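What follows is a short report on a single structure.
Below, each value reflects all heavy atoms present in this structure, side chains not excepted, and no hydrogens, waters or symmetry copies. Predicted, not measured: the structure shown is a model, and the values here were computed from it. By convention in this document, chain letters (A, B, ...) are assigned in the order of the sequence lines, proteins followed by strands, and residues within each chain are numbered from 1.
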Amino acid sequence: MEIASKYDPRSVEEKWYQFWLDKKLFHSEPDNRAPYTIVIPPPNVTGVLHMGHMLNNTIQDVLVRRARMLGKNACWVPGTDHAPIATEAKVVKMLAEKGIDKRSLSREEFLKHAWEWKEQYGGIILKQLRKLGASCDWDRTAFTMDPIRYESVMRVFVDLYNKGLIYRGVRMVNWDPQALTAVSDEEVIYKESHSKLFYLRYFIENEDKYIVVATTRPETILGDTAVCVHPEDERYQWLKGKKVVVPGVGRVVPIIMDEYVDREFGTGALKITPAHDINDYNLGMKYGLESIDIFNDNGTLNEKGGKYAGMDRFACRKQIMKDLEEAGLVEKTEDYTNKVGHSERTDAVIEPKLSAQWFLKMDDMAKRALEVVENDTIKFHPAKFKNTYRHWLENIKDWCISRQLWWGHRIPAWYIDVNGKVETIVALNEEEAKKIAAEKYNYTGELRQDEDVLDTWFSSWLWPISLFDGIRNPDNPEIKYYYPTADLITAPDIIFFWIARMIMAGEEFRDEIPFHNVYFTGIVRDKLGRKMSKQLGNSPDPIELMEKYGADGVRMGMLLTAPAGNDLPFDEAICEQGRNFSNKIWNALRLVMGWQISSESEISVESGKNNEVAVQWMEQRMACVLEEIEHDFDEYRLSEALMASYKLVWDDFCSWYLEMVKPAYGTPIDRETYDATISIFSRLMCILHPFMPFVTEEIWHVLTNIGKSDEQAEFVNANYSIMNQHMPRSVFFDQRMLDDFDTAREVIAGVRNIRNTRNISPKEALEVRYMAGDRRFNIGSFEGIIRKLANVSKIEAVNEKAEGALSFMIGTTECFVPMSQNIDVEAELKKLQDELKYAEGFLAAVMKKLSNEKFVNGAPAQVVETERKKQSDAETKIAALKAQIAALQK
RNA sequence: GGGAGUAUAGCUCAGCUGGUUCAGAGCGCCUGCCUUACAAGCAGGAGGUCACUGGUUCGAACCCUGUUACUCCCACCA
């Protein structure tokens, strides 16, 4: 069988992914196995795969594939989020390209376009996930606005409304005057900007005195309804109970006193505009001030702006300053640097604006959600995020769930006019609402539905439940089987919006947690530690990376440097390591496939015995590392589990085991060793499979088909997958054998080192002698292995040092390699003297400890015993070194 | 302004309950090798005052005090 010397991921990856799909190996149905469920953090339906997704979904895939191989019924449910803001923006842009202005469309027309866009272009990201190998159950693909999820949201809204937890209230929102919508706090970008601080004169009513107030937004004085100073401010005590005249406006407003004011800032006097600043709004509420909204939705001044009506807010700022200047009402103007909120979407300066919104009460839900995390019913990995979580829940505010958009779950509230009063009806749909209107109010006229849609998180907080239809059919077999889910993998930036709220929803609607573990990934950054962003152009395209290094290579590269919760400075070079590893395994396969198998008579007794030892050792080693890997997975230390697997394959299997059993060129290998090697190799592929699904599937098939007829092989290829194999588990292993090998390995390294420094060809056989007598120097059954790997013709214990030999120490035992040529005495002496110096220093430190009475009396007996042993070892070693030096100096 | 976290080799990180020759790994770097699986490789090697300070302890990378630097989250000053 001809195998290329370089592994080519491209054809392999496509082939196997299609195979997995065809065989429905990702599909899950409830059965009598234990479930293992992960729900995907639904990416935006507008999204394209970026490095963050790559990391997040690789981790999920590793966990899911491993669970599957551990015999669990693994189910990873994919889907997308309707992403109101991003989608509306996309659709508006698409319409604009077609020459259609959104404002010319009705809501229904717009939504029709939006759905068309979604069907045609949405969800590209799910296709891209296949390239990376994601083993999602695609039959279950969901969308936060598909019929089941939509109805779930409606039911939840009605339910919470009926429980009295949802209410309508007035709140200040971040208004984008360009997009004509409210945006969430998260969509406001604060940018440093060079502004001016204007000092304006507010005259006292009917007096000739004035106070100076500093502001960055003089246009808002049109909406001023008070001036505020600190109650303990000495400078302003005389103002108590007085009124001032708003400059240029003429309105008389009260002086109020509140500790909110920072006496140090500006003049210590603050103008209050309740309609246009959140803090002013709060003060306004506290003191019952009038609230004057002076802006239109598009950021121009409304009729309250008097002569400035119709002007843009920034033009107005200039004009009003000019007018005030002329009227002598400006004290001074200073340069000032502050942070101004801009809309993430349009970059327009955000205008705080009062409006009616829907809210969900959080108090009780927050309490329960906090409790299950505090008592570790839900575990966070890493645990440090518990602090962040607690801090937020303890200071939580009611959740504003309405958004002024069209694309989303429209709020199921209808308004009717009954006897001149507006009544609100909340119902699942218009039909229901009509019924209620008729029954409750005897009303049969038109119903007016609320214009707003729900916050996107109001649908995704139900995700782990609604994916299994657990809201509409709370007792269906699926929700009972798959819920609660096992692990949730997410970036920490949505801990509040999503994680906390899913926990609330779980408790509220299922009376149960939604998942047992939360794994927080880091944020993918560039080499310089900057966040990946479109603006910087520092984000590599994951698809291109996978084409370059293979999906396995990129998966491995990402995981190697991504411990939970740590940001990961991504350097494309780490994908090389992954690619190289694929290639390494590939070449191990080439080696093994090239072996000829022979009848036993052709095999020498020695190599037969060596091979037996090698196989035994590799089995012990595997069991030992498996224990480590299992432990790492228990602790969610994926990068360490991967590193342990990597070293097991590369170092133990390739560098040591294969070298041990590798037959000399042109000679065959015995059947037993060959079969054992294939078995070990196959199991190693299973261990690696969760990390590197493609290359392992490919190699596993080749290995499985060894010795099979074409027909049999075809059957295997068509019906079997590594995905369905059992993950090897750790078993009891012989630690002594592993220790013996470590000693043997040191001997081999010692000899190789001598070859290296002395420039001795690997082909020239050497001899090794070691000082007899130390029972801790034990190479067990590895003598033959040493001979083979270090090309040593003879190993023997001696009582005296040989003349003209190079030496090295293993523990307290001296080893010698006799030299036919003269040795460099100077160099050898220096080496020995350095070693002696270190040993003497070490002994001194040990003696210091042992001569300390407090240590001998205070420390546990075992620790003292260890120190004594160190002492005697060091003394032995020093004596040996001194003897060697003396011998050389002769 | 409030809160949290981090600081160990050139880089990215382990180091679990304070105690084994405990100062580790991978990558990178250096030296020598195209040795019939692999140069995407093989063999060997060098690299660290565990940020700084003081303390607790027989004993500290690890626990405590303080300092410095960086990161993140929350709230934001008119």
Side-chain angles (χ1 to χ4, degrees), chain A residues 3 5-7 185 190 197 213-217 220 228 260-262 264-267 269-273 277-280 336 338-339 341 382 384-388 390-392 395 492-493 495-496 523 527 529 549 553 560-563 565-569 571 573-574 576-595 631 635 637 639-640 643-644 646-647 654-655 658-659 662 664-666 748-749 752-757 759 761-763 811 838-839 842 845-846 849 852-860 862-864 866-867 869-870 873-874 877:
Chain A
I3 309 178
S5 77
K6 292 229 188 316
Y7 170 65
D185 291 348
Y190 286 90
L197 194 54
V213 174
T215 179
T216 53
R217 299 200 57 193
T220 63
C228 188
Y260 167 75
V261 177
D262 176 3
E264 308 299 316
F265 189 90
T267 61
L270 171 66
K271 67 187 221 42
I272 305 296
T273 320
D277 181 279
I278 179 67
N279 298 302
D280 292 10
Y336 182 64
N338 63 348
K339 283 186 179 160
K384 66 175 178 185
F385 287 108
K386 276 168 85 170
N387 293 328
T388 318
R390 182 187 320 113
H391 189 253
W392 187 70
N395 299 288
D493 49 353
I495 184 169
F496 310 131
I523 294 166
K527 276 195 269 201
Y549 301 103
L560 269 180
T561 48
N566 267 42
D567 281 5
L568 103 100
D571 185 345
I574 64 174
E576 253 177 62
Q577 196 181 347
R579 179 200 59 181
N580 294 355
F581 187 44
S582 301
N583 196 48
K584 181 72 184 177
I585 309 167
W586 184 251
N587 275 289
L589 177 71
R590 287 180 67 216
L591 173 70
V592 173
M593 294 308 288
W595 285 344
H631 187 240
E635 310 269 306
R637 305 207 280 203
S639 46
E640 294 200 32
M643 183 50 75
Y646 173 79
K647 287 197 275 190
C654 293
S655 295
L658 288 179
E659 292 297 330
K662 184 166 148 186
Y665 182 65
I748 295 166
R752 283 175 176 171
N753 190 11
I754 285 173
R755 285 184 192 281
N756 242 323
T757 53
N759 229 341
S761 158
K763 286 177 184 143
Y838 177 83
F842 177 73
V846 173
K849 252 191 207 175
N852 182 341
E853 247 176 75
K854 284 186 191 164
F855 171 71
V856 179
N857 297 331
Q862 210 187 333
V863 174
V864 177
T866 311
E867 290 300 313
K869 207 166 175 189
K870 282 194 211 168
D873 284 358
K877 190 167 177 176

(message) Once ring-ring contact (aromatic ring centres under 6.0 Å, His included) is applied, do any residues pair with A/Tyr549, and if so which ones, sequence neighbours excluded?
(response) none

(message) Testing the basics here: between A/Lys584 and A/Cys654, what is the closest heavy-atom pair and its distance to 0.1 Å?
(response) CE-CB, 3.7 Å

(request) Determine the minimum heavy-atom distance between A/Val213 and A/Thr267, stating which atoms define it. (result) CA-OG1, 3.9 Å

(request) Rounded off to whole Å, could you give me the CZ-to-C1' distance for the A/Arg755 and B/rA43 pair? (result) 11 Å

(message) Going by the rule side chain to side chain contact (heavy atoms under 4.5 Å, CB included), which residues pair with A/Arg752 if we only count those two or more places apart in sequence or in a different chain?
(response) A/Trp656, A/Ile748, A/Leu789

(request) Specify the separation, in whole Å, of atom CD1 of A/Ile754 and atom C1' of B/rG45. (result) 15 Å

(request) Name the nucleic acid region contacted by A/Asn279, choosing base, sugar-phosphate or nothing; use a 4.0 angstrom heavy-atom cut-off, strictly under. (result) sugar-phosphate

(request) Report the distance from atom CG of A/Asn395 to atom P of B/rC74, rounded to the nearest whole Å. (result) 13 Å

(message) In whole Å, I'd like the distance from the CD atom of A/Glu640 to the C1' atom of B/rA25.
(response) 9 Å

(request) Please name all residues satisfying side chain to side chain contact (heavy atoms under 4.5 Å, CB included) with A/Asp262, sequence neighbours left out, ordered by chain then number. (result) A/Glu264, A/Phe265

(message) Ignoring hydrogens, what is the shortest heavy-atom contact between A/Lys662 and A/Trp595? Give both atom names and the distance.
(response) CA-CZ2, 4.0 Å

(request) Could you tell me which residues satisfy ring-ring contact (aromatic ring centres under 6.0 Å, His included) with A/Tyr190, sequence neighbours excluded, listed by chain and number? (result) none

(request) Using the C1' atom on both, measure B/rU65 against B/rU56 and round to a whole Å. (result) 11 Å

(request) Answer with base, sugar-phosphate or nothing: what part of the nucleic acid does A/Arg637 contact at a heavy-atom distance below 4.0 Å? (result) sugar-phosphate

(request) Report yes if some heavy atom in the side chain of A/Leu591 is under 4.5 Å from a heavy atom in the side chain of A/Leu658; otherwise report no. (result) yes

(message) What's the gap between B/rC30 and B/rA46 when it is taken at their P atoms, as a whole Å value?
(response) 16 Å

(message) Would you measure the distance from the C1' atom in B/rG19 across to the matching atom in B/rG66 and give it in whole Å?
(response) 28 Å

(request) Going 5' to 3' through nucleotides 26-40 of chain B, assign each nucleotide B (protein heavy atom under 4.0 Å from a base atom), S (under 4.0 Å only from sugar-phosphate atoms) or - (no protein heavy atom that close). (result) SS--------BBB-B

(request) Applying side-chain hydrogen bond (donor to acceptor under 3.5 Å, both in side chains), name anything that partners A/Thr220, two or more places apart in sequence or on another chain. (result) A/Lys271

(request) Using whole Å, report how far CZ of A/Phe496 lies from C1' of B/rC72. (result) 11 Å

(request) Using atom CD of A/Glu867 as one end and atom C1' of B/rG18 as the other, report the distance to the nearest whole Å. (result) 14 Å

(message) Distance check, P atoms only: B/rA14 and B/rA51, in whole angstrom units.
(response) 14 Å

(message) List the residues meeting ring-ring contact (aromatic ring centres under 6.0 Å, His included) with A/Phe496, not counting sequence neighbours, and say none if there are none.
(response) A/Trp392

(request) Using the C1' atoms only, state how far B/rA7 lies from B/rA61, rounded to an integer number of Å. (result) 11 Å

(message) Would you say A/Tyr336 places a side-chain N or O within less than 4.0 Å of OP1 or OP2 belonging to B/rA78?
(response) yes

(message) Rounding to an integer number of angstrom, what distance separates B/rG45 and B/rC62 when you compare their C1' atoms?
(response) 30 Å

(message) To the nearest 0.5 Å, what is the distance between SG on A/Cys228 and CD1 on A/Ile272?
(response) 5.0 Å

(request) List for me each residue that meets side-chain hydrogen bond (donor to acceptor under 3.5 Å, both in side chains) alongside A/Arg590, sequence neighbours excluded, and say none if there are none. (result) A/Asn587

(request) Classify every nucleotide of nucleotides 56-64 of chain B by which part a protein heavy atom approaches to under 4.0 Å, writing B for the base, S for the sugar-phosphate alone and - for neither, in 5'-to-3' order. (result) --B------

(message) Taking B/rU12 as the reference, what is the distance to B/rU8 when you measure between their P atoms (whole Å, please)?
(response) 9 Å

Check the interface with nucleotides 1-5 of chain B: list each N/O to N/O pair with the protein under 3.5 Å, or write none.
unit_1: B/rA4; atom_1: O3'; unit_2: A/Asn387; atom_2: ND2; d: 3.2

(message) Within this structure, what is the OH-CG distance for the pair A/Tyr260 and A/Asn279, rounded to the nearest 0.5 Å?
(response) 3.0 Å

(message) With the 90 degree cut-off around zero defining syn, does B/rG32 come out syn or anti?
(response) anti

(message) So, does A/Asn338 get its side chain near the phosphate of B/rC77, meaning an N or O under 4.0 Å from OP1 or OP2?
(response) no

(request) Output all residues satisfying ring-ring contact (aromatic ring centres under 6.0 Å, His included) with A/Trp586, sequence neighbours left out; order by chain, then residue number. (result) A/Tyr7

(request) Tell me what A/Tyr549 touches on the nucleic acid: a base, only sugar-phosphate, or nothing, going by heavy atoms under 4.0 Å. (result) nothing

(request) Could you work out which one of B/rA78, B/rA43, B/rC77 sits closest to the side chain of A/Leu270? (result) B/rA78

(request) Quick one: the dot-bracket string of RNA chain B, using Watson-Crick and G-U wobble pairs with both distances under 3.5 Å, [ ] for crossing pairs and | for bases paired to another strand. (result) (((((((..((((.....[....)))).(((((.......))))).....((.((..]....)).)))))))))....

(request) Working to the nearest 0.5 Å, report the span between CG of A/Leu560 and CD of A/Gln577. (result) 5.0 Å

(message) Would you measure the distance from the C1' atom in B/rG59 across to the matching atom in B/rG18 and give it in whole Å?
(response) 8 Å

